[in-house]
Amino acid sequence: MADFDQWINIRNKGLKANTKITLLGKDYYPKYDHTVDGFINISNNHINIGFFVVPDDAVDESIREQNIMIANYKAKSEDAKKEIEQRIIDLDNHPYAKNTNLAASSKLAIYEGSVSLGALATFIGLYLGIIFLISSAAILALKELSESADNKERFRMLRKLGADEKLLNRALFRQIFIFFMFPLLLAIIHSVFGIMFCNYILSTLGTDEVLASIIMTAVFLVIIYGGYFLITYLCSKNIIKERR
């Protein structure tokens, strides 16, 4: 049984090869040719690299390494759950803990720890990302507004040559669109390879769910970067507009 993707592939090779294990002088062979999803220690990530389930008579006390107790809360209210949580924490001070290595964890504690860590990482990532995004979009906007002010006379000459106002606005829109899209396109290409690498790193840590983060990033990108693009176009359009 395992739930760590990187190790599942390794375990499956051994199971398909019908690899033998020997316990107390007796040989055992796999019942399945693939890994069954499962874990013993609860965690917010898939970190179980694998363990073998054998009959009770396959082992004895001489090879026992640890005892594991898995239980559910016998409580429904949050206060009752927190009371049980505190009892689990207090196990470190139990006399039994002095003579053994005693570790305890709960679903509630793991959930709260993962939420706080995830919130911190998300806040730092969003803060840095938004700062850099606003800075780059502002520089592009200022550059394009400066270009529009310099090109004001050129657009006036085009009007005198008979160019339609809609045609001029369309040309201005395309110019600003290309000006904003090229840096964005380069960033997207860079992000694709970055996400592929991050996926590999996360998979080795037992986590590979990045779709929600990508969607959230895309929403922020559309709102902030798209907003700067739209404001730049409207301001540039107002700059080149013929005054009467």
Side-chain angles (χ1 to χ4, degrees), residues 1-122 196-213:
M1 300 186 71
D3 62 3
F4 197 149
D5 288 340
Q6 297 288 339
W7 273 92
I8 286 176
N9 297 329
I10 298 174
R11 301 296 188 188
N12 285 342
K13 292 179 180 179
L15 294 174
K16 290 179 180 178
N18 201 32
T19 304
K20 177 184 69 175
I21 62 173
T22 302
L23 293 173
L24 302 177
K26 188 176 180 180
D27 297 336
Y28 295 89
Y29 294 89
K31 181 178 181 179
Y32 304 102
D33 62 353
H34 62 277
T35 303
V36 178
D37 182 68
F39 60 91
I40 293 180
N41 297 318
I42 57 177
S43 172
N44 59 322
N45 294 324
H46 302 297
I47 59 174
N48 172 33
I49 64 175
F51 60 87
F52 298 100
V53 180
V54 298
D56 291 340
D57 58 4
V59 295
D60 59 21
E61 292 296 317
S62 64
I63 58 176
R64 181 176 62 174
E65 181 179 348
Q66 60 180 334
N67 292 329
I68 298 177
M69 183 184 71
I70 302 175
N72 290 326
Y73 286 121
K74 193 178 180 181
K76 295 182 179 180
S77 66
E78 289 297 324
D79 292 337
K81 290 180 180 180
K82 289 181 179 179
E83 181 181 353
I84 297 175
E85 187 81 15
Q86 187 59 46
R87 291 184 181 180
I88 295 175
I89 295 174
D90 292 340
L91 286 176
D92 287 335
N93 299 322
H94 195 279
Y96 178 75
K98 296 179 180 179
N99 302 319
T100 185
N101 182 16
L102 180 64
S105 60
S106 68
K107 181 178 179 180
L108 182 61
I110 292 175
Y111 175 76
E112 291 177 347
S114 63
V115 168
S116 60
L117 180 61
L120 177 61
T122 301
M196 292 173 59
F197 178 75
C198 288
N199 265 334
Y200 175 77
I201 296 297
L202 290 174
S203 65
T204 60
L205 298 175
T207 303
D208 55 0
E209 299 176 359
V210 296
L211 180 60
S213 301

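Here the structure is a predicted model, which is why all the values come from computation and not from measurement. Only heavy atoms go into these numbers, but all of them, side chains included; no hydrogens, no water, no symmetry mates.
- Between Asp57 and Tyr28, the shortest heavy-atom distance links the atoms O-OH, 4.5 Å.
- Between the CG atom of Asn9 and the CZ atom of Phe4 there is a distance of 11.0 Å, given to the nearest 0.5 Å.
- Ala2 and Gly50 make their closest contact through CB-CA, 3.6 Å (heavy atoms, listed as atom of the first residue, atom of the second, distance).
- Checking Asp60 against Ser62 by side-chain atom types alone, a donor-acceptor pair falls below 3.5 Å.
- Panel note: side chain Asn48, backbone Ile40; no donor-acceptor pair is recorded below 3.5 Å.
- Legend: residues meeting side chain to side chain donor-acceptor pair (under 3.5 Å) with Glu61, ordered by chain and number and at least two apart, are Arg64.
- Arg11 has its side chain within reach of Ile49: a pair of non-hydrogen atoms, C-beta onward, lies under 4.5 Å apart.
- Between Met1 and Tyr32 the shortest side-chain heavy-atom distance does not fall below 4.5 Å.
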Indicate every side-chain donor-acceptor pair of residues 12-22 with a distance under 3.5 Å to a residue at least two apart or in another chain.
unit_1, atom_1, unit_2, atom_2, d
Asn12, OD1, Thr35, N, 2.6
Asn12, OD1, Thr35, OG1, 2.8
Asn12, ND2, Ile8, O, 3.3
Thr19, OG1, Gly14, O, 2.7
Thr22, OG1, Asp27, OD1, 2.8

Exercise. Determine, stepwise, if the pair Ile68 / Asn41 fulfils side-chain contact (heavy atoms from CB on, under 4.5 Å).
Key: CA-CA 9 Å; Ile68 298 177; Asn41 297 318; 4.3 Å; yes
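- Under the rule for a side chain to side chain donor-acceptor pair (under 3.5 Å), Glu78 has no partner lying at least two apart in sequence or in another chain.
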